Q: 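For reference, the structure I am asking about is given below.
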Amino acid sequence: MHNKIGKPNLEIFSQTLLEQAKLNQNILVVTSDSRGSGKLVPYGEQLPNQIIEVGIAEQNLVGVAAGLALGGKNVFAVSPASFLTARSLEQIKNDIAYSDHPVTLVGISAGISYGQLGSTHHSLHDFAALRAINNMTIVSPADNFETAEAIKSAVHYEKPLYIRYGKKPMMDLNDKNSNFEIGKASIIRQGNDISLIATGETVQRAYLASLLLEKKGISAEVISMHTIKPFDTQGLLKSINKTNALVTIEEHSIYGGLGECCSSIISQSDKKVKFKILGIPDEYMMNGSQSDVLDHYGMSPEKISKTVTDLLSIDK
């Protein structure tokens with residue numbers, strides 16, 4: 001049910017991983033002083049022999065994870081997304097992706113989840129940095145269902161994988177009968193007038209905007225593009241072939257993320273659409289809570305709705 005508020009995706013991540021690790025002793029968690037922030041305290045208490053703490057040393061975290069994977073372990077490396085994908089980028093590139101070790105890198109408190117801690121703790125670069133690295137899959141789940149399914153998929157995924165989670169309680173956007181597949185977008189709501197394609201926690205905002213647009217007589221298709229790489233090109237083109245208009249919404253820089261990926265695909269096709277990218281612009285960011293920042297940069301449901309009506313040149 002779309003109006004039900006679930007738990008923070010981080011909590012579902014830790015619960016699901018604990019369930020999977022109880023069934024599979026080969027699963028190991030490696031953290032960089034992130035047991036608390038990653039909601040992994042119950043995991044450590046119940047499975048003390050399946051968790052390794054390396055301290056605040058993200059480069060070591062990735063190297064240790066790669067070594068464990070080389071030894072046949074099923075490894076989940078958990079660390080704040082801002083540090084995991086910046087401080088240890090070289091290790092991700094060489095030790096994980098280039099060396100083809102099937103490690104699941106879990107970026108916690110992603111995007112602007114750390115709120116007032118400011119730009120040093122925000123991960124608005126991770127899609128851009130990791131998209132440019134060969135052999136790296138990137139997943140950003142929208143709700144509790146996609147979060148749980150992403151972890152279940154990661155257990156059996158045989159390639160390097162990065163999963164990104166935020167801290168805010170999320171609406172249940174997918175039906176229980178929904179299918180989750182890495183590399184294939186989820187249609188949250190069918191529509192004919194505009195495609196709202198979002199990823200991660202901004203999908204909820206796109207969905208709420210679609211409800212406002214419905215009151216204005218505008219039918220918005222809402223898509224959770226939970227996999228940034230490999231990208232669901234056919235899913236994108238199928239939607240915009242129907243609507244001829246697109247707004248992308250992402251908790252990431254406007255450079256190198258969801259919007260630019262869509263732009264690249266569209267520009268290389270024969271399709272012309274009305275198109276707007278919503279994300280964090282190239283500037284010194286305003287400071288505040290996650291909600292305050294996203295609202296400021298045009299990603300409140302009301303401002304997304306206004307962007308759509310402006311794009312469609314509808315006076316409503």
Side-chain angles (χ1 to χ4, degrees), residues 2-5 9 110-113 115 122 124 127 140-143 146 164 166 168-174 185-226 228 232 235-236 239-240 242-263 266 273-283 285-286 288-316:
H2 288 324
N3 59 0
K4 180 183 176 183
I5 300 296
N9 286 341
I112 315 163
S113 294
H122 298 335
L124 303 174
F127 295 159
S140 180
D143 64 358
E146 290 184 2
R164 175 203 232 229
K168 186 176 181 180
M170 301 309 297
M171 295 175 66
D172 291 332
L173 299 170
N174 286 272
S186 299
I187 299 177
I188 304 300
R189 194 175 197 213
Q190 298 277 358
N192 298 307
D193 298 325
I194 183 81
S195 299
L196 299 179
I197 298 183
T199 189
E201 295 191 357
T202 57
V203 178
Q204 176 174 303
R205 290 169 171 258
Y207 173 73
L208 293 173
S210 77
L211 300 183
L212 298 177
L213 290 165
E214 184 178 34
K215 295 177 181 178
K216 299 178 181 181
I218 300 171
S219 173
E221 181 151 287
V222 180
I223 293 178
S224 171
M225 192 63 73
H226 51 68
I228 298 298
D232 187 359
L236 165 65
S239 183
I240 62 174
K242 177 171 56 172
T243 64
N244 291 305
L246 169 65
V247 174
T248 61
I249 307 104
E250 60 191 306
E251 193 175 350
H252 186 274
S253 167
I254 58 172
Y255 297 128
L258 171 66
E260 280 206 342
C261 186
C262 290
S263 178
I266 294 169
V273 300
K274 295 182 177 180
F275 182 26
K276 178 70 175 179
I277 297 173
L278 296 179
I280 307 301
D282 187 27
E283 67 181 42
M285 280 178 53
M286 64 88 69
S289 69
Q290 179 199 41
S291 293
D292 289 342
V293 174
L294 293 177
D295 290 354
H296 176 78
Y297 288 115
M299 288 178 276
S300 67
E302 294 77 13
K303 289 181 179 179
I304 294 170
S305 175
K306 178 65 163 56
T307 295
V308 169
T309 56
D310 289 347
L311 189 67
L312 299 179
S313 300
I314 297 175
D315 185 19
K316 292 187 178 182

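From a predicted model like this one, the values you see are computed outputs, not experimental measurements. Throughout, numbering of the chain's residues begins at 1 and tracks the sequence.
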Q: Considering non-hydrogen atoms only, spot the tightest contact between His226 and Pro141 and give its length.
A: CB-CA, 4.3 Å
Q: Kindly write out the residues that satisfy side-chain contact (heavy atoms from CB on, under 4.5 Å) with Ser263, not counting sequence neighbours, or none if the list is empty.
A: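 Once residues adjacent in sequence are excluded, the partners of Ser263 under the side-chain contact (heavy atoms from CB on, under 4.5 Å) criterion are Phe275.
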Q: Would you compute the distance between atom CG of Leu124 and atom CG of Asp282 and round it to the nearest 0.5 angstrom?
A: 11.5 Å
Q: Which residue in the set Ile223, Ile277, Ile254 passes side chain to side chain contact (heavy atoms under 4.5 Å, CB included) when paired with Thr248?
A: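 When Ile223, Ile277, Ile254 are each tested with Thr248, the side chain to side chain contact (heavy atoms under 4.5 Å, CB included) holds only for Ile277.
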Q: Which pairs count as salt bridge (charged side-chain N to carboxylate O under 4.0 Å, His left out) when at least one residue sits in residues 245-254, sequence neighbours excluded?
A: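 Residue pairs passing salt bridge (charged side-chain N to carboxylate O under 4.0 Å, His left out), neighbours aside: none found.
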Q: NZ/Lys303 to CG/Leu278 distance, rounded to the nearest 0.5 angstrom?
A: 11.0 Å
Q: Quick check for you: to the nearest 0.5 Å, what is the distance between Leu213 atom CG and Asp193 atom CG?
A: 9.0 Å
Q: Hey, what do you get for CE (Met170) to CD1 (Ile5), rounding to the nearest 0.5 Å?
A: 8.0 Å
Q: Rounded to the nearest 0.5 Å, what's the gap from OG on Ser305 to CG on Leu211? Could you check?
A: 10.5 Å
Q: For the backbone of Gly200 and the side chain of Arg164, can you confirm whether one donor and one acceptor N or O come within less than 3.5 Å of each other?
A: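 A pair under 3.5 Å: no.
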Q: With respect to Ile280, which candidate in His122, His252, Met285 satisfies the side chain to side chain contact (heavy atoms under 4.5 Å, CB included) definition?
A: Met285
Q: Measuring from atom CG of Leu312 to atom CD1 of Ile218, what distance do you get when rounded to the nearest 0.5 angstrom?
A: 5.5 Å
Q: Hey, are the side chains of Leu173 and Ser224 touching, using non-hydrogen atoms and a 4.5 Å cut-off?
A: no
Q: Just grab all the salt bridge (charged side-chain N to carboxylate O under 4.0 Å, His left out) pairs involving residues 196-213, residues at least two apart or on different chains.
A: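 Non-adjacent pairs meeting salt bridge (charged side-chain N to carboxylate O under 4.0 Å, His left out): Arg205-Asp295.
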